[in-house]
Amino acid sequence: MQSNGKQETAKAIVSRRFFLAGSAALSAVSLTGNMEGQMTQAKTDLWGRILNGRVAVVTGAARGIGRAVAVALAHSGANVVGIDICAVVDPRSGVEPASRAELDQTGEMVKSEGGQWRSFVLDQRDLPALRIAAEKINAEFGHIDILFANAGIQAFRPLLEMEDADWHIQIDVNLTGTANALRAFAPYMVQQNHGRIIMTTSTQGRHGTLNGSAYSASKWGIIGLMKSAAMELGRHGVTVNCLVPGLIDTPLTRHEERYAQALQVAGRTPTGDKAVDEEAARKALQSKSILGVPWIDPAEMAPVVVFLASDAARMVSGATYDVTGGDSANNV
Ligand SMILES: NC(=O)c1ccc[n+]([C@@H]2O[C@H](COP(=O)([O-])OP(=O)(O)OC[C@H]3O[C@@H](n4cnc5c(N)ncnc54)[C@H](O)[C@@H]3O)[C@@H](O)[C@H]2O)c1
């Protein structure tokens with residue numbers, strides 16, 4: 001994806017990566033690992049336009065997982081509203097900020113899949129801004145069917161060296177921001193007695209994270225939020241579930257601070273040289289990955305989200321779905 005500098009069209013993503021594995025058809029799917037451990041899948045779209053006419057809201061849509069899922073939702077027939085801050089979230093994170101141009105590029109990819117596209121540049125810490133967006137979307141489309149509450153940020157700081165802000169940026173953006181998205185969009189789903197909410201947590205919300213306690217706590221918190229929301233919203237025909245990504249190849253993971261963290265976990269000392277540390281992190285991550293994948297392509301997240309957004313998942317709520325390249329095998 002764009003994180004390694006390559007520009008991909010939606011069709012390229014779809015033809016190379018996006019296939020939806022229904023249980024009945026799993027036997028027809030061929031998997032072949034390459035040296036990177038990335039999987040090349042059968043080019044079969046097993047679900048077709050399963051989300052035809054649905055309106056899906058995706059937060060963190062400018063790039064990474066949000067973009068890949070936005071394109072997949074459109075490929076499955078949905079119209080997509082992309083939300084992103086498109087600016088520096090907080091200088092304490094080593095993650096490069098997303099841009100308005102990237103959000104627009106996601107829009108072009110969605111449109112090339114036949115989906116209508118609208119976008120809002122806002123900060124998900126701002127609940128009133130989310131509520132205004134929700135009102136506008138509902139007024140224009142007449143319904144809001146799917147929320148992929150995905151936007152997030154990551155930073156590392158040892159617990160005892162933290163300043164208050166180190167803690168708050170991650171709890172505020174990841175946990176409170178995700179709750180804000182739910183609070184802004186779920187009322188429209190309740191009103192129509194139908195809705196699908198999928199939140200992005202993390203494998204770091206299933207185990208501890210060295211020097212990443214605020215991130216880990218925010219992602220564990222999202223699972224608690226999801227399970228509680230599933231209890232409250234189920235009677236209104238709204239399901240709530242979590243996507244649990246492993247280590248994904250996006251700007252969130254491809255920078256020096258993250259390479260250094262991976263090396264520290266492996267008992268190594270980072271050099272501070274980005275290229276050297278990236279290569280060392282690649283080796284360390286690949287050797288510890290069950291499926292031999294250092295970073296998973298973000299498009300691999302899409303099949304689970306499309307399934308959870310569909311009618312086929314009507315009896316699935318309160319659940320976590322892991323796409324971790326096997327890292328889940330380490331979790332209870
Ligand atoms: N990349 C991974 O390995 C990984 C693993 C597990 C979970 N996740 C989670 O997946 C989600 C997407 O991450 P990604 O890897 O695609 O990262 P990314 O940095 O590529 O994309 C995140 C997007 O969210 C947006 N965003 C951040 N804060 C925002 C805010 N306050 N309001 C609105 N938009 C905001 C950013 O601008 C960016 O476009 C995040 O919640 C992240 O924690 C990522």
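Both ligands and their constituent atoms are indexed starting at 1 by order of listing. Quick caveat, the model's predicted, so the values are computed rather than measured.
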Taking both backbone and side-chain atoms of [X], is any N or O found less than 3.5 Å from an N or O belonging to ligand 1?
X    : result
Q124 : yes
D123 : yes
I65  : yes
P245 : no
S202 : no

Run the numbers for me: atoms of ligand 1, each under 4.0 Å from some heavy atom of [X], listed by number.
X    : result
A151 : 24 (O), 26 (N), 34 (N), 35 (C), 41 (O)
G60  : 23 (C), 24 (O), 25 (C)
Y215 : 6 (C), 7 (C), 8 (N), 9 (C), 42 (C), 43 (O)
N150 : 10 (O), 11 (C), 12 (C), 40 (C), 41 (O)
T201 : 6 (C), 7 (C)
L247 : 3 (O)
P251 : 20 (O)
V173 : 28 (N), 31 (N)

### Task
Let me see the working for D172 and R125 under salt bridge (Lys or Arg N to Asp or Glu O under 4.0 Å), right down to the final yes or no.
CA-CA 6 Å; D172 292 353; R125 287 170 287 190; 5.8 Å; no
Selected option - heavy-atom contact closest to [atom], from [options]:
atom                    : options                : result
atom 44 (C) of ligand 1 : T203, I248, L252, D126 : L252
atom 18 (P) of ligand 1 : Q204, R63, R254        : R63
atom 10 (O) of ligand 1 : T200, L130, I85        : T200

### Pair D84 + R63: basic N to acidic O under 4.0 Å
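Salt bridge: no.
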### Message
Could you tell me if the side chain of I85 sits less than 4.5 Å from the side chain of V121, heavy atoms only?
### Response
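No, their side chains stay 4.5 Å or more apart.
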### Query
Hey, does I197 have a side-chain heavy atom less than 4.5 Å from the side chain of L233?
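Answer yes - side chains close enough.
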### Query
Say you draw a straight line from CZ of R196 to CZ of R54; how long is it, rounded to the nearest 0.5 Å?
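Between R196 CZ and R54 CZ, I get 7.0 Å after rounding to 0.5 Å.
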### Task
Look at the rings of W295 and Y259 and say which category their plane angle falls in: under 30° parallel, 30 to 60° tilted, over 60° perpendicular.
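Taking Y259 first and then W295, their aromatic rings stand perpendicular (interplane angle over 60°).
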### Query
salt bridge (Lys or Arg N to Asp or Glu O under 4.0 Å) between R67 and E102: does it pass, once the steps are laid out?
CA-CA 9 Å; R67 171 183 284 180; E102 286 175 298; 5.3 Å; no
### Query
Any link between V58 and I50 through a network of hydrophobic side chains (Ile, Leu, Val, Met, Phe, Trp, Tyr) touching at under 4.5 Å?
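V58 and I50: one cluster.
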